[in-house]
Amino acid sequence: MERVVLGQSELSVSPVAFGTWQLSPRFWGEQSKSDAIAAMKTAFDRGINFFDTAEAYGDGHAETVLGEAIQELPRDELVIATKVFNHFNPDGSRYPDLSPEHIAERCELSLKRLGIETIDLYFLHLFDPLTPFADIAGALEKLKEQGKVRNFALSNHSVEQCRAQRQFAPYTVVQPSFSLVNPAGEADLLPYCQSENIGVMIYSPMHKGLLTGKYTGEETFTDFRQNDPDFKGERFKELCAKVQSLKPIADRYGLTIYQLVLAATLMHPSIQVAICGIKTPSQIEEATGVFGKRLSREDYFAVRNTVGPGSPKPPDASGSRK
Ligand SMILES: NC(=O)c1ccc[n+]([C@@H]2O[C@H](COP(=O)([O-])OP(=O)(O)OC[C@H]3O[C@@H](n4cnc5c(N)ncnc54)[C@H](OP(=O)(O)O)[C@@H]3O)[C@@H](O)[C@H]2O)c1
């Protein structure tokens, strides 16, 4: 079983985590619950022990489905991450609320839906500008003392927000978005985490499906991607052609394009885990095919220069390049 330790947490996890955002109908449309549960069980059978969810995914639905799937799996072998952030209104609207009372209340509900006693990694899903850092730290410390949360973690926080929160609470992991199309955080958040030994688990490694190699550029989308400029018109066609052009490199390694991209993403020394969004058992099987695979340095840069913005640039991009 391939395992990595996430920063200073004691958590030993598979470098691929199972992502459950796909169970959010407002983004992905209705997904089959039985496919999702079968995929979660296949994931465990194939060596994945790390599952990422959030209260926001389907307003609790993803947590409920994951809770059902893990009932029959050995709890002490699993690492479960979930997230808190929203106040949910009955009409479906939401607003940020990381006040201590709200965190305590939502944590209780997440535990119940997941059917577990402790959340291994409890994320602040986004930054809440109205709650002081110290109040958040206090609420999380209390949950740790009560045994309801093992580790506290941050998602979608800037490096400055991470730095500031660290003055108040010893969070162990961050969850930013990162893909080879948009290697965000390489200039600030990722080096900061590497130097402080903060675990990094990135989301959307396939750029929400675009890097899987299955699209030709002719497809149209009915889910949230219909409003994403990377999934429309000439930009979508261009990106798909670039992704398809990776096939000869993938073939040399005996990998699919999806696996090539995932293997390259996981080579970044700041990144320990990629969370892969999964709908079916075959999708997670493909993801686990990447365990133990590394590309040569030359191929790594060939892949990222083909689909992304290229190698890192000097901070002052007007400077001469030798
Ligand atoms: N913290 C946050 O704010 C945040 C935000 C976003 C996501 N996340 C987490 O990160 C996870 C991954 O992000 P993401 O959903 O954007 O992931 P992604 O891995 O970039 O893309 C997932 C999509 O790729 C397609 N796909 C997956 N496996 C495939 C395979 N083997 N072959 C072909 N297509 C495949 C599926 O969509 P189609 O089949 O429809 O193409 C799937 O929905 C989420 O599930 C969630 O747990 C966190």
Side-chain angles (χ1 to χ4, degrees), residues 16-32 35-36 39-40 42-43 46 48 50-58 61-63 65-66 79-86 94 96 121-127 153-157 173-185 189 200-216 219-226 228 230-231 236 239-240 243-244 250 255-263 265-266 271 273-290 307:
V16 169
F18 188 110
T20 63
W21 179 33
Q22 281 54 33
L23 288 160
S24 175
R26 76 163 72 195
F27 286 95
W28 294 94
E30 290 300 329
Q31 301 301 315
S32 150
D35 278 355
M40 289 163 184
T42 302
R46 297 293 176 115
I48 288 181
F50 195 14
F51 293 84
D52 178 77
T53 189
E55 188 180 36
Y57 301 166
H61 177 60
E63 287 183 334
V65 175
L66 179 60
V79 176
I80 307 292
T82 191
K83 314 183 190 83
V84 60
F85 184 63
N86 294 294
R94 313 156 161 199
L121 258 184
Y122 200 35
F123 278 94
L124 307 183
H125 205 151
L126 292 115
F127 179 71
L154 304 181
S155 185
N156 299 306
H157 280 54
V173 179
V174 298
Q175 185 177 140
S177 77
F178 180 96
S179 74
L180 296 185
V181 174
N182 182 17
L189 182 64
V200 178
M201 52 192 291
I202 57 104
Y203 70 78
S204 300
M206 291 297 129
H207 205 65
K208 297 163 263 168
L210 198 141
L211 291 171
T212 58
K214 71 177 170 195
Y215 294 121
T216 63
E219 297 79 3
T220 51
F221 295 85
T222 53
D223 56 33
F224 75 103
R225 292 176 289 188
Q226 64 187 299
D228 185 327
D230 286 348
F231 287 82
F236 180 49
L239 283 169
C240 288
V243 175
Q244 289 304 330
L255 298 174
T256 63
I257 291 175
Y258 176 110
Q259 291 167 336
L260 180 80
V261 169
L262 190 53
T265 305
L266 283 168
I271 296 174
V273 172
I275 319 171
C276 295
I278 299 296
K279 293 176 174 172
T280 63
S282 65
Q283 290 187 342
I284 192 65
E285 277 174 18
E286 188 166 7
T288 56
V290 85
V307 296

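Residues: numbered from 1 along the sequence shown. Atoms within each ligand, like the ligands themselves, are counted from 1 in listed order.
From the protein, the heavy atom lying nearest to atom 47 (O) of ligand 1 is Asp52 OD2, 2.7 Å. In terms of protein heavy-atom proximity, atom 14 (P) of ligand 1 is closest to Ser204 OG, 3.6 Å. At the top of the distance list for atom 24 (O) of ligand 1, counting protein heavy atoms only, stands Gly209 CA, 3.3 Å. For atom 11 (C) of ligand 1, the closest heavy atom belonging to the protein is Ile275 CG2, 3.6 Å. Of the protein's non-hydrogen atoms, the one nearest atom 10 (O) of ligand 1 is Tyr203 CB, 3.2 Å. For atom 38 (P) of ligand 1, the closest non-hydrogen atom of the protein is Lys214 NZ, 3.2 Å. Taking atom 32 (N) of ligand 1 as the reference point, the nearest protein heavy-atom neighbour is Glu286 OE1, 3.4 Å. Looking only at heavy atoms of the protein, atom 22 (C) of ligand 1 is closest to Gly277 O, 3.4 Å.
Using a 4.0 Å cut-off between charged side-chain N and carboxylate O, Arg46 and Glu285 make a salt bridge. Between Asp230 and Lys208 there is no salt bridge, since no side-chain N of the basic residue sits under 4.0 Å from a carboxylate O of the acidic one.
Where the criterion is an N or O separation shorter than 3.5 Å, residue side chain and backbone included, Ile278 fails it with respect to ligand 1. Of the polar atoms of Asp223, none of the N or O atoms is found under 3.5 Å from an N or O of ligand 1, judged by distance alone. Below 3.5 Å of separation, one finds an N or O of Met206 facing an N or O of ligand 1. Distances between N or O atoms of Lys83 and those of ligand 1 include no value under 3.5 Å.
Of all the heavy atoms of Tyr57, the ones lying under 4.0 Å from any atom of ligand 1 belong exclusively to the side chain. At a heavy-atom distance under 4.0 Å, only side-chain atoms of Ser155, from C-beta outward, approach ligand 1. Residue-level proximity to ligand 1 for Lys208 is carried by backbone and side chain together, each with a heavy atom below 4.0 angstrom. Counting heavy atoms closer than 4.0 Å to ligand 1, residue Thr212 contributes side-chain atoms (C-beta onward) but none from N, CA, C or O. Only the side chain of Asn156 comes within 4.0 Å of ligand 1, judged by heavy-atom distances. Only side-chain heavy atoms of Arg225 come within less than 4.0 Å of ligand 1; its backbone N, CA, C and O stay farther off. Residue contacts with ligand 1 for Trp21 involve both N, CA, C or O and side-chain atoms from C-beta outward (heavy atoms, distance under 4.0 Å).
A ring-centre distance under 6.0 Å is found for Tyr215 and Phe221. Not less than 6.0 angstrom separates the ring centroid of Tyr57 from the ring centroid of Trp28.
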Verdict with reasoning, Thr82 to Glu63, per side chain to side chain donor-acceptor pair (under 3.5 Å): CA-CA 8 Å; Thr82 191; Glu63 287 183 334; 2.5 Å; yes
Residues Lys83, Gln175; criterion side chain to side chain contact (heavy atoms under 4.5 Å, CB included); working and verdict: CA-CA 11 Å; Lys83 314 183 190 83; Gln175 185 177 140; 3.3 Å; yes
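Judged by distance alone, the side chain of Arg225 and the main-chain N or O of Leu210 form no donor-acceptor pair under 3.5 Å. In this structure a side-chain-to-backbone donor-acceptor pair under 3.5 Å is present from Asn156 to His125.
Taking each heavy atom of Ser155 and Tyr203 in turn, the nearest pair found is OG-CE2, 4.3 Å. Taking each heavy atom of Phe123 and Val174 in turn, the nearest pair found is CE2-C, 4.1 Å. Among all heavy-atom pairs drawn from Leu262 and Val16, the shortest one is CD2-CG2, 4.1 Å. Considering all non-hydrogen atoms of both residues, Leu23 and His61 come closest at O-CD2, 3.3 Å.
Close approach of ligand 1 to Cys276 is summarised as follows: ligand atoms under 4.0 Å from at least one heavy atom of the residue are 12 (C), 19 (O). For ligand 1, the atoms closer than 4.0 angstrom to any heavy atom of His125 are 1 (N), 2 (C), 3 (O).
Considering Gln22, Gln283, Lys279, Glu285 only, the shortest heavy-atom separation from atom 26 (N) of ligand 1 involves Gln283.
Between the CG atom of Leu154 and the CZ atom of Phe127 there is a distance of 10.0 Å, given to the nearest 0.5 Å.
Gln259 has its side chain within reach of Glu286: a pair of non-hydrogen atoms, C-beta onward, lies under 4.5 Å apart.
For the ligand labelled ligand 1, residue Tyr215 lies inside the 4.0 Å heavy-atom shell. Every heavy atom of Phe123 sits 4.0 Å or more from the atoms of ligand 1.
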